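Below is one structure; the comments refer to it alone.
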Amino acid sequence: MAFNQQNSTERGVSSGSKNKNVHPAAAKEPLYGFMPRKVGGDQVRFALEHEINPFTKQPHTQQYRKILEARKKLPVYAQMDEFYKMFNRNQIIVMVGETGSGKTTQIPQFVAYSDLPHTRNKLVACTQPRRVAAMSVAKRVADEMDVQLGRQVGYSIRFEDMTEPGTTFLKYMTDGMLLREAMNDPDLQRYSTIILDEAHERTLATDILMGLLKALAKRRSDLKIIIMSATLDALKFQKYFGLASDAAAPLFKVPGRTHPVEVFYTQEPEPDYVEAAIRTVLMIHRAEDPGDILLFLTGEEEIEDACKKIKLEADDLINQDPDSVGPLICIPLYSSLPPSQQQRIFDAAPSARTPDGPPGRKVVVSTNIAETSLTIDGIVYVVDPGFSKQKVYNPRIRVESLLVSPISKASAQQRAGRAGRTRPGKCFRLYTEKDFMSELEEQTHPEILRSNLANTVLELVKAGIKDLVRFDYVDAPAPETLMRALELLNYLAALDDDGNLTPLGAIMAEFPLDPQLAKMLIVSPEFKCSNEILTITSMLSVPNVWLRPNNQRKEADAAKALLSIPDGDHLTLLNVYNNYMQNKYDKNWAWTNYLSARALAQAENVREQLKRTMERYEVELVSIQEPRKLYLAVRQALCCGFFMQVAHKEGEKGSYLTVKDNQVVGLHPSCGLDNQPEWVIFNEFVLTTRPYIRTVTEVRPEWLLEYAPLYFDLSSFADGETKRALQRVVNKRSGKFDRVDSGADSGAQKKRKKA
DNA sequence: GAGCACTGC
């Protein structure tokens with residue numbers, strides 16, 4: 001096994017320590033004698049202490065020296081020699097490091113000193129699941145290396161490439177960005193080492209990258225790979241990345257630096273976890289030492305509700321016993337809150353009302369966002385009811401939905417750990433220890449097992465993966481999920497019948513969009529409405545733009561009605577965006593119309609990015625001047641992407657049946673259609689209190705037959721009202737298509753006037 | 001007559 005071999009080539013060069021005789025050349029050149037991938041800890045420490053920064057040739061600053069002293073105290077720094085021994089001898093390493101080990105900032109630097117990418121026109125990449133992490137870690141590492149961010153050390157995220165080609169050799173990036181690069185350069189030739197950080201989070205992009213990198217390691221023996229993860233998952237990754245079938249990849253382990261957290265369980269299961277959570281928070285406030293509380297709940301409504309109740313009950317307690325109960329503030333936290341509100345979690349706890357009075361306390365009530373994305377210092381108590389909203393995918397009806405489900409053991413541990421960041425803490429689990437041991441899954445199912453994979457499959461095919469079913473996944477998705485994705489891509493003509501990428505599919509893959517949206521956008525010039533489809537696509541790619549504050553629902557609905565287009569919600573989105581652009585001079589326009597300025601600005605940003613991609617692939621930007629014709633064209637273009645998301649009205653009660661999948665659905669209450677058209681196309685199927693279709697536009701069956709003849713081949717339909725309705729259209733259409741076409745339109749117009 | 005858990009391109 002390579003792991004245990006002596007490396008004879010290493011001995012000759014490991015003499016660069018400052019304690020020994022320094023070669024005269026090394027006095028000027030800190031990296032003198034460094035051989036790529038044969039570098040040892042002594043040499044690197046010598047370079048770190050050197051007068052001169054080897055990458056800028058400038059003298060090191062005071063700040064550099066100060067940060068270096070702090071770096072030396074990190075657990076990972078003490079294991080530098082061990083790291084180089086393992087790194088030099090292995091192509092793939094799995095590394096575990098608990099929070100506070102310094103792995104994210106230090107390991108990529110260690111690698112850079114060994115790879116010497118700046119001398120070989122290469123890059124070391126380190127991926128992160130989130131943009132903010134990529135940005136902030138890159139900034140920190142640039143400071144540590146005494147270089148300017150964006151030069152030797154940079155980052156690359158969607159909408160922002162903070163790197164300098166030819167200069168940057170250490171790059172932090174989102175996992176999604178690296179996946180995009182792999183699509184166009186499957187060998188990732190620019191990189192000497194690729195580090196996947198936070199691999200235990202198992203994002204879709206990280207999982208796919210692990211598969212691609214495992215295969216790539218066999219083609220590129222010069223490429224090194226480091227998988228960084230939390231402890232629990234290490235063995236799985238070691239086995240997966242073992243290059244021989246029986247050998248596991250070596251493990252590099254670094255202890256963390258956190259404080260102990262005492263865990264408490266309830267004696268009995270709690271029937272109402274929200275009620276129990278509120279009770280526990282108040283119990284802590286009354287009985288425990290000072291320190292802030294973090295409570296995990298599942299969603300916005302639950303959180304706002306709990307905050308109100310906690311506030312009310314805490315005020316009661318204070319009134320009853322003002323001498324022993326301190327003031328309490330309750331701060332909600334979830335992603336759709338505006339950033340200014342999210343900042344409140346960093347406010348200090350309220351101070352005591354009198355100099356010797358009981359101290360105040362801060363309670364943060366949060367979704368899972370506080371489990372990974374955001375860390376709040378000062379948390380000493382965590383209340384964990386054991387639930388979160390999780391995405392589930394049903395490939396049979398192609399529906400993703402959110403379900404409140406029990407969390408995994410790994411997730412529970414992560415939550416508990418949030419109590420021990422600044423000092424020893426306590427975690428109150430609102431379930432029994434027995435349930436923790438026997439009912440909770442070890443790990444949260446990776447995203448790849450819970451998602452619609454249409455997008456991913458297209459990316460993989462573009463990256464040159466021929467056989468998706470036999471691809472070496474860390475966890476293989478259900479075959480039906482893959483079949484559903486392949487089927488969709490085939491109907492969209494992105495893949496041919498043999499599963500090969502078509503020229504259309506190759507362009508579709510270049511757009512950061514779901515395949516349906518990409519297809520619709522690419523064909524839209526044929527309908528002379530690509531400007532408008534571009535806008536609609538952008539609006540569909542950002543969070544909901546409609547605001548509906550609890551106490552102003554009527555006003556919000558009225559404002560929305562003024563912007564609505566009766567033919568369909570897609571056209572309403574177009575109208576909203578155009579109005580937004582026309583009123584840009586008015587800073588309050590979005591707010592006075594109950595629209596999210598943040599989401600609209602995002603749509604504008606996305607639109608610019610998509611526009612650049614359209615220009616690169618020569619997808620024309622065109623419009624029709626006459627509004628009525630334009631709207632008609634837009635609705636036709638929609639059919640080219642979303643013909644598999646059509647519903648047909650059944651009976652008079654306003655219920656619809658989705659075509660082919662035969663799901664009974666209702667129009668979502670947010671739908672702006674002023675009648676109930678016989679045929680509609682929808683953007684999404686949501687499963688909440690009932691099955692709903694959301695963002696809906698009226699279409700004509702003739703368009704479906706015309707633009708998606710394969711999917712609307714009547715022989716493929718089960719008998720039923722939908723098939724009979726389509727059959728009638730086919731019969732009428734034979735011979736006099738144009739007349740029927742305009743007739744249907746005026747019929748719909750009349751109906752609308754009546755309503 | 002209701003909801004965006006969280007990310008990412």
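Here the structure is a predicted model, which is why all the values come from computation and not from measurement. Numbers restart at 1 for each chain; the letters A, B, ... are given by sequence-line order, proteins then strands.
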Problem set entry | Interatomic distance, R131(A) CZ vs dC9(B) P [rounded to whole Å] | 5 Å
Exercise. Between dC6(B) atom C1' and R415(A) atom CZ, what is the distance in whole Å?
Worked result: 12 Å
Exercise. Is any side-chain N or O of Y334(A) closer than 4.0 Å to OP1 or OP2 of dC6(B)?
Worked result: no
Exercise. Contact class for D557(A) vs. all strands (heavy atom < 4.0 Å): base, sugar-phosphate, or nothing?
Worked result: base
Exercise. Do the side-chain N or O atoms of T367(A) get closer than 4.0 angstrom to the phosphate oxygens (OP1, OP2) of dC6(B)?
Worked result: yes
Seminar exercise, completed: L297(A) atom CG is separated from dA5(B) atom C1', nearest whole Å, by 12 Å
Exercise. Just checking L204(A): base, sugar-phosphate only, or nothing, at a heavy-atom cut-off of under 4.0 Å?
Worked result: nothing
Exercise. Rounded to whole angstrom units, what separation is found between the CD atom of E371(A) and the P atom of dC6(B)?
Worked result: 12 Å
For this session: Measure from CD1 on I303(A) to C1' on dC6(B) and round the result to the nearest Å.
Result: 12 Å
For this session: Give one of base, sugar-phosphate or nothing for F511(A), where a contact means two heavy atoms less than 4.0 Å apart.
Result: nothing
For this session: Give a yes-or-no answer on whether the side chains of S411(A) and E371(A) include a donor-acceptor pair shorter than 3.5 Å.
Result: yes
For this session: Round to a whole Å and report the spacing from CZ of R450(A) to P of dC6(B).
Result: 14 Å
For this session: May I ask you to check whether Y334(A) and E302(A) show a side-chain donor-acceptor distance below 3.5 Å?
Result: no
For this session: State plainly whether the residues D475(A) and K236(A) are in salt-bridge range, i.e. N to O under 4.0 Å.
Result: yes
Exercise. Can a donor-acceptor pair be found between the side chains of Q609(A) and R158(A) at a distance below 3.5 Å?
Worked result: yes
Problem set entry | Of residues 170-177 of chain A, the positions that come close to DNA chain B - non-hydrogen atoms, cut-off under 4.0 Å | T174(A), G176(A), M177(A)
Exercise. Is P543(A) touching bases, backbone alone, or none of the nucleic acid, heavy atoms closer than 4.0 Å?
Worked result: base
Problem set entry | From dT7(B), dA2(B), dC9(B), nucleotide with atom closest to Y692(A) side chain | dA2(B)
For this session: Kindly check if the number of other-residue, nucleotide or ligand heavy atoms within 6.0 Å of NZ (K309(A)) is above 12?
Result: no
Exercise. Under 4.0 angstrom, heavy atoms only, what part of the nucleic acid is R158(A) near: base, sugar-phosphate, or nothing?
Worked result: base
Exercise. Which is true for R202(A) with a 4.0 Å heavy-atom rule: it touches a base, it touches only sugar-phosphate, or it touches nothing?
Worked result: nothing
Seminar exercise, completed: By nearest-heavy-atom nucleotide on DNA chain B, the more 5' of P512(A) and R694(A) is R694(A)
For this session: Nearest whole angstrom, please: distance from the P of dA2(B) to the CD of E300(A).
Result: 16 Å
Problem set entry | Any donor-acceptor N or O pair under 3.5 Å, side chains Y580(A), E604(A) | yes
Exercise. Is a salt bridge present between R130(A) and E201(A), judged by a nitrogen-to-oxygen distance below 4.0 Å?
Worked result: yes
Exercise. Base, sugar-phosphate, or nothing: which does I369(A) touch, judged by heavy atoms less than 4.0 Å apart?
Worked result: sugar-phosphate
Exercise. If you look at every strand shown and take non-hydrogen atoms under 4.0 Å, does T372(A) touch a base, only sugar-phosphate, or nothing?
Worked result: nothing
Problem set entry | Residue pair D384(A) / Y431(A), side-chain donor-acceptor N/O under 3.5 Å | yes
Problem set entry | Between dG3(B) (P) and L667(A) (CG): distance, integer Å | 15 Å
